[in-house]
Amino acid sequence: MEDSDTRPDPATDSFVAHRNLLFTVAYEMLGSAADAEDVLQETWLKWAGVDLDTIENKRAYLVRITTRQALMRLRSLDRRKESYVGPWLPEPLLTTPDIAEDVALADSVSMAVMLVLETLSPTERAVFVLREVFDLGYDEIAAAVDKSPAAVRQIAHRARAHVAARRPRETVSATETRNVLDAFHGALKTGDLQRLLDTLAPDVVLLTDGGGVVQAALAPIVGASTVAPILGNIRADAALEPAYVNGHPALVLRDGDRVDTVLAVRVEDGLITGLYAVRNPDKLSHMGDTTALALVAPEAEPLP
């Protein structure tokens, strides 16, 4: 007789199979890996109490639970951001290079797009993520956000227009980003200010997130002539290493074994138009190991 402790648990198997997808949904809604992990814990607790025999589409049901939990957390997170010291940047994720090959996924979790999502209301953000990123149907989104399908269509249209007006004009390949970043990195190592200026757009914006915990600028720094000298203060011998962050080439500054700063970039027309420096230690805990992301679950039933 088979030991009951070794029998597969359908609820656990379904949750594990869809975990990367659910984490990606929660992270794109929240911009925080720590909060996304908490949402997954809450999702599991609710999922474990569901009668699976009544569920036709497990993936859709799990996404619905995750969305509702993320929406509740997003509203409280927005209140926390109101008292945040200095610019707020998404929590960076160390990702594998192959994520960059999935253009839709890499674009959706990029620092630039995640910052645009911050300008949406919680419901707009949920609808946009579920529709534009994960391609859920309006009926399913309506069930997840407690709105009518007609209302969801209107919200989706409004959110889509809002994001389109603010996101990067074109998708830049990982290769192009890496080439620009290599030139930028080389300029930092040599201390050549003109070479550094040559990599920056005239209206480049530097955002530094220290959260009031470590030193960082409390407002955006704008303009190549202002940004370059600040970046030039990085020591030439600093342990600045290439990495893939949120699906894109980036640089990681280490102080011994500790991650000090994650520096992500936005590239347009061959120049850096945005620099995102995350220094808040509370946001760097997920930089020790790569994070698995997914737009779909393997061999999952199709979403309605």
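Values in this document were obtained by computation on a predicted structure and should not be read as measured data.
- A side-chain donor-acceptor contact under 3.5 Å links His248 to the backbone of Ala106.
- A cation-pi geometry, defined here as NZ or CZ lying under 6.0 Å from the six-membered ring centre and within 45° of its normal, does not hold between Arg195 and Phe184.
- Considering Asn20, Thr96, Asn246, Leu93 in turn, Leu93 is the only one that fulfils the side-chain contact (heavy atoms from CB on, under 4.5 Å) rule with Leu293.
- When each of Thr175, Asn179, Thr177 is paired with Pro249, the side-chain contact (heavy atoms from CB on, under 4.5 Å) condition holds for Thr177 and for no other.
- Under the side chain to side chain contact (heavy atoms under 4.5 Å, CB included) criterion, Thr208 pairs with Leu206, Ala216, Ala217, Ala277, sequence neighbours left out.
- Partners of Ser148 by side chain to side chain contact (heavy atoms under 4.5 Å, CB included), not counting sequence neighbours, listed by chain and number: Ala150, Ala151.
- By the 6.0 Å and 45° rule, Lys58 does not stack over the aromatic ring of Trp47.
- Annotation: Asp146, atom CG; neighbour count of heavy atoms from other residues, nucleotides and ligands within 6.0 Å is above 12.
- Screening Val25, Leu105, Asp135 for a side-chain contact (heavy atoms from CB on, under 4.5 Å) with Leu295, the sole residue that qualifies is Leu105.
- When atom types are taken as modelled, the side chain of Ser14 and the backbone of Ala11 share no donor-acceptor pair closer than 3.5 angstrom.
- Other residues, nucleotides and ligands contribute at most 12 non-hydrogen atoms within 6.0 Å of the NZ atom of Lys46.
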TODO: Just do the side-chain hydrogen bond (donor to acceptor under 3.5 Å, both in side chains) check on Tyr27 and Asp35 with the steps written out, would you?
DONE: CA-CA 8 Å; Tyr27 175 72; Asp35 284 296; over 6 Å; no

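- Side-chain contact annotation: His162 with Glu124, donor-acceptor N/O pair under 3.5 Å absent.
- Residues Thr43 and Gln69 have side chains that never bring a donor and an acceptor to within less than 3.5 angstrom of each other.
- Side-chain atoms of Asp209 and Lys283, non-hydrogen and from C-beta on, do get closer than 4.5 Å to each other.
- The closest side-chain heavy-atom distance from Arg131 to Leu136 is not below 4.5 Å.
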- [ ] Kindly indicate, with the supporting measurements, whether the criterion ring-ring contact (aromatic ring centres under 6.0 Å, His included) is fulfilled by Trp44 and Phe15.
- [x] CA-CA 7 Å; Trp44 163 248; Phe15 184 82; 5.4 Å; yes

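- By the 4.5 Å side-chain criterion applied to Ile, Leu, Val, Met, Phe, Trp and Tyr, Met111 is assigned to a cluster that also includes Leu89, Leu94, Leu115, Val205, Leu207, Val222, Val245, Val252, Val259, Val262, Tyr276, Val278, Leu284, Met287.
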Task: Evaluation steps, side-chain contact (heavy atoms from CB on, under 4.5 Å), between Leu21 and Arg59 - done: CA-CA 9 Å; Leu21 166 69; Arg59 180 167 62 150; 3.5 Å; yes

Task: Derivation and outcome, salt bridge (charged side-chain N to carboxylate O under 4.0 Å, His left out), residues Arg125 and Glu28 - done: CA-CA 9 Å; Arg125 185 165 183 169; Glu28 293 204 18; over 6 Å; no

